[in-house]
There are 2 protein chains.
Amino acid sequence: MKERQNIPKATIERLPLYYRCLDKLVTFEEVEVVSSKDLGGRLGIPSTQVRKDLSYYGEFGRRGVGYNVVELKKSVGKILGVDKLWPAVLVGAGNLGRALVNYSSFEMMGLEISHVFDSDLSKIGNSINNIPVKSTKILEKIVEEEEIKLGVITVPAEAAQEVATEMVEAGIKAIWNFAPTRLYVPEDIVVKNEDLAVGIVSLIYHLSWQEEIE
Amino acid sequence: MKERQNIPKATIERLPLYYRCLDKLVTFEEVEVVSSKDLGGRLGIPSTQVRKDLSYYGEFGRRGVGYNVVELKKSVGKILGVDKLWPAVLVGAGNLGRALVNYSSFEMMGLEISHVFDSDLSKIGNSINNIPVKSTKILEKIVEEEEIKLGVITVPAEAAQEVATEMVEAGIKAIWNFAPTRLYVPEDIVVKNEDLAVGIVSLIYHLSWQEEIE
DNA sequence: AATATTAAGTTAAAAATTTCACTTGAATAC
DNA sequence: GTATTCAAGTGAAATTTTTAACTTAATATT
């Protein structure tokens, strides 16, 4: 595999799309080979973009033929690191937290929410998808023992920083943050903000612009 | 307000962040004026980016002084179209759908989920956050009657296209799609894919890369 | 009142990303 | 066997986006 430098962020965001599409091709359609044009077409991405994205990591296709679906899926899975399951802790057993724990398609993407925590006594002890909700007091212990690297934050914005700090102290290296707030963490910790409210605004922006020009 | 052309998508994604930050400043801190440096600092965005983003829409600050927080919030809200509430229908009363209906911070961003639908008979009639779940059969009727423009899809991937088509036929103009699949809709319909599984992969990518260089 | 400082707005440069045009290689048709 | 078509890989061009440098305006300081 080539050096992983100077690779556009946008490329890394597209790779999971390729990966899931390839998975669909493997599972539902029994095609052996797919072209960049076909793969891109299914995702609304130009074929040349598909080829360029893949070219950052190596040569996966055969000229004049296309890509072997099974092989490419395996390769992209390896590139992304989703060829193994990454255990994760989730803090915040509210509606969103519960939804994520029950979300079935994460497993395919390498995510396994192994432990759920909350500070609310009324929630501790309940089970979500067969995972018991534990007190945040034992977060550190579990993260250390099981050497968990991934943390998911689904607490309200006010509590998010505290949870993040606890996670980092426990040894978490990457945080998926659903709280609508910025987290301050050491440089070597990766944070991905999944800001739901932001997503809707771009739609509203378009709607309100549409109305204006009507 | 200036022409809304050639404005980077990234800018439109940052405006909601400014908006929420300004809202916090208005509500919790009683500062009257904020500089681009301060505003950007709170969000991890360079001051020059903040100024450039705003400059696409007009002049909102005073040189040597900064931006009036209340005024700028109002201006950005107007730009985004979140100065009014946009009623929306949500289809798919599963875990994620329920989580979104209960998500309190949407209102600030102009989204009001007014109706919830599902095709599952066991779900119809239940209430989520005081909103009764209705049969998808009456989706079209309600969307037409109330002239609703916004649709949220939280059904499984297999059902998403069908729901999207129904929405479009009913008169929906913008779709917020949580199903991990591409939707085929007419050109004038805006779709925003909120692909949860994609978000986690960029974290896993970084983690697996980190391990490799250790 | 003149000067220094602060900070928005803007133009130009730099960087990043996408698209294009081309080359190479494989399969098929003639 | 040669020609044609298909499609990956790639370097360069075009585009987009960000960053930097500069100009202008407001306030505070001496």
Side-chain angles (χ1 to χ4, degrees), chain A residues 1-18 21-22 25 31-76 79 202 205, chain B residues 1-18 21-22 25 31-76 79 202 205:
Chain A
M1 206 173 287
K2 289 185 186 176
E3 290 298 321
R4 288 195 187 180
Q5 268 177 334
N6 304 325
I7 295 169
K9 278 177 208 164
T11 291
I12 298 165
E13 307 253 293
R14 278 188 297 266
L15 289 175
L17 300 179
Y18 302 152
C21 191
L22 290 164
L25 286 171
V31 284
E32 267 194 40
V33 168
V34 69
S35 69
S36 60
K37 197 179 165 189
D38 184 5
L39 184 57
R42 290 163 187 268
L43 298 163
I45 294 169
S47 64
T48 145
Q49 181 85 77
V50 174
R51 293 202 299 281
K52 174 117 292 182
D53 284 340
L54 294 173
S55 78
Y56 289 115
Y57 299 94
E59 301 188 9
F60 305 100
R62 289 182 67 200
R63 301 182 179 201
V65 185
Y67 301 93
N68 178 292
V69 177
V70 174
E71 270 181 36
L72 186 60
K73 189 199 154 189
K74 211 176 286 180
S75 299
V76 174
I79 291 167
S202 74
Y205 175 86
Chain B
M1 206 173 285
K2 288 184 187 177
E3 290 297 322
R4 287 194 187 182
Q5 268 178 335
N6 303 326
I7 295 169
K9 277 179 209 163
T11 291
I12 298 164
E13 308 252 293
R14 277 188 297 265
L15 288 175
L17 300 179
Y18 302 152
C21 191
L22 290 163
L25 286 173
V31 283
E32 267 193 40
V33 168
V34 68
S35 68
S36 60
K37 197 179 165 191
D38 184 4
L39 184 59
R42 289 162 188 269
L43 297 163
I45 295 169
S47 64
T48 146
Q49 181 84 78
V50 174
R51 294 202 299 280
K52 171 116 287 185
D53 285 341
L54 294 173
S55 78
Y56 289 115
Y57 299 95
E59 302 188 5
F60 304 102
R62 288 182 68 200
R63 300 181 181 203
V65 184
Y67 301 93
N68 178 293
V69 177
V70 174
E71 270 180 37
L72 186 60
K73 188 199 156 188
K74 212 176 284 178
S75 299
V76 175
I79 291 168
S202 74
Y205 175 86

Pull out every protein N or O sitting under 3.5 Å from an N or O of nucleotides 12-17 of chain D, one pair per line with the distance.
none

Could you give the [atom1]-to-[atom2] distance, from [X] to [N], as a whole number of Å?
{"X": "B/N68", "N": "D/dA26", "atom1": "CG", "atom2": "C1'", "result": "15 Å"}
{"X": "A/I12", "N": "C/dT17", "atom1": "CD1", "atom2": "C1'", "result": "13 Å"}
{"X": "B/L39", "N": "C/dG9", "atom1": "CG", "atom2": "P", "result": "12 Å"}

Q.
Within the structure provided, determine whether A/N68 and A/V34 are in side-chain contact (heavy-atom separation under 4.5 Å).
A.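 No; the side chains remain at least 4.5 Å from each other.
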Q. Considering only heavy atoms from C-beta outward, does the side chain of A/L15 approach that of A/Y57 to under 4.5 Å?
A. yes
Q | All side-chain hydrogen bond (donor to acceptor under 3.5 Å, both in side chains) counterparts of B/Y67, not counting sequence neighbours | A |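 Partners of B/Y67 by the side-chain hydrogen bond (donor to acceptor under 3.5 Å, both in side chains) criterion come out as none, since no residue qualifies.
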Protein-nucleotides 1-3 of chain D N/O pairs closer than 3.5 Å?
none

(Q) Each nucleotide in nucleotides 3-8 of chain C should get exactly one letter: B, S or -. Can you fill that in based on protein heavy atoms under 4.0 Å? (A) ---BBB
Q. What is the distance from atom OH of A/Y18 to atom OG of A/S75, rounded to the nearest 0.5 Å?
A.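 Interatomic distance, A/Y18 OH to A/S75 OG, rounded to 0.5 Å: 14.5 Å.
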Q. How many angstroms lie between atom NZ of B/K52 and atom OG1 of B/T11, to the nearest 0.5 angstrom?
A. 9.5 Å
Q. With sequence neighbours left out, what residues match B/V65 under side chain to side chain contact (heavy atoms under 4.5 Å, CB included)?
A.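 Partners of B/V65 under the side chain to side chain contact (heavy atoms under 4.5 Å, CB included) test: B/V33, B/R62.
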Q: Identify, with sequence neighbours excluded, every residue that meets salt bridge (Lys or Arg N to Asp or Glu O under 4.0 Å) alongside A/E13.
A: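 With neighbours one apart ignored, the set is A/K192.
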Q.
Which residues pass the salt bridge (Lys or Arg N to Asp or Glu O under 4.0 Å) test with B/R51, not counting sequence neighbours?
A. none
Under 3.5 Å, which donor-acceptor pairs link side chains of residues 37-45 of chain B to any protein atom two or more places apart or in another chain?
{"from": "B/D38", "atom 1": "OD1", "to": "B/R42", "atom 2": "NE", "distance (Å)": "2.9"}
{"from": "B/R42", "atom 1": "NH1", "to": "B/E29", "atom 2": "OE2", "distance (Å)": "3.0"}
{"from": "B/R42", "atom 1": "NH2", "to": "B/E29", "atom 2": "OE1", "distance (Å)": "3.2"}

**Q.** A/N6 versus A/Y56, closest heavy-atom pair with distance
**A.**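 Scanning both residues, the minimum pair turns out to be O-CE2, 4.4 Å.
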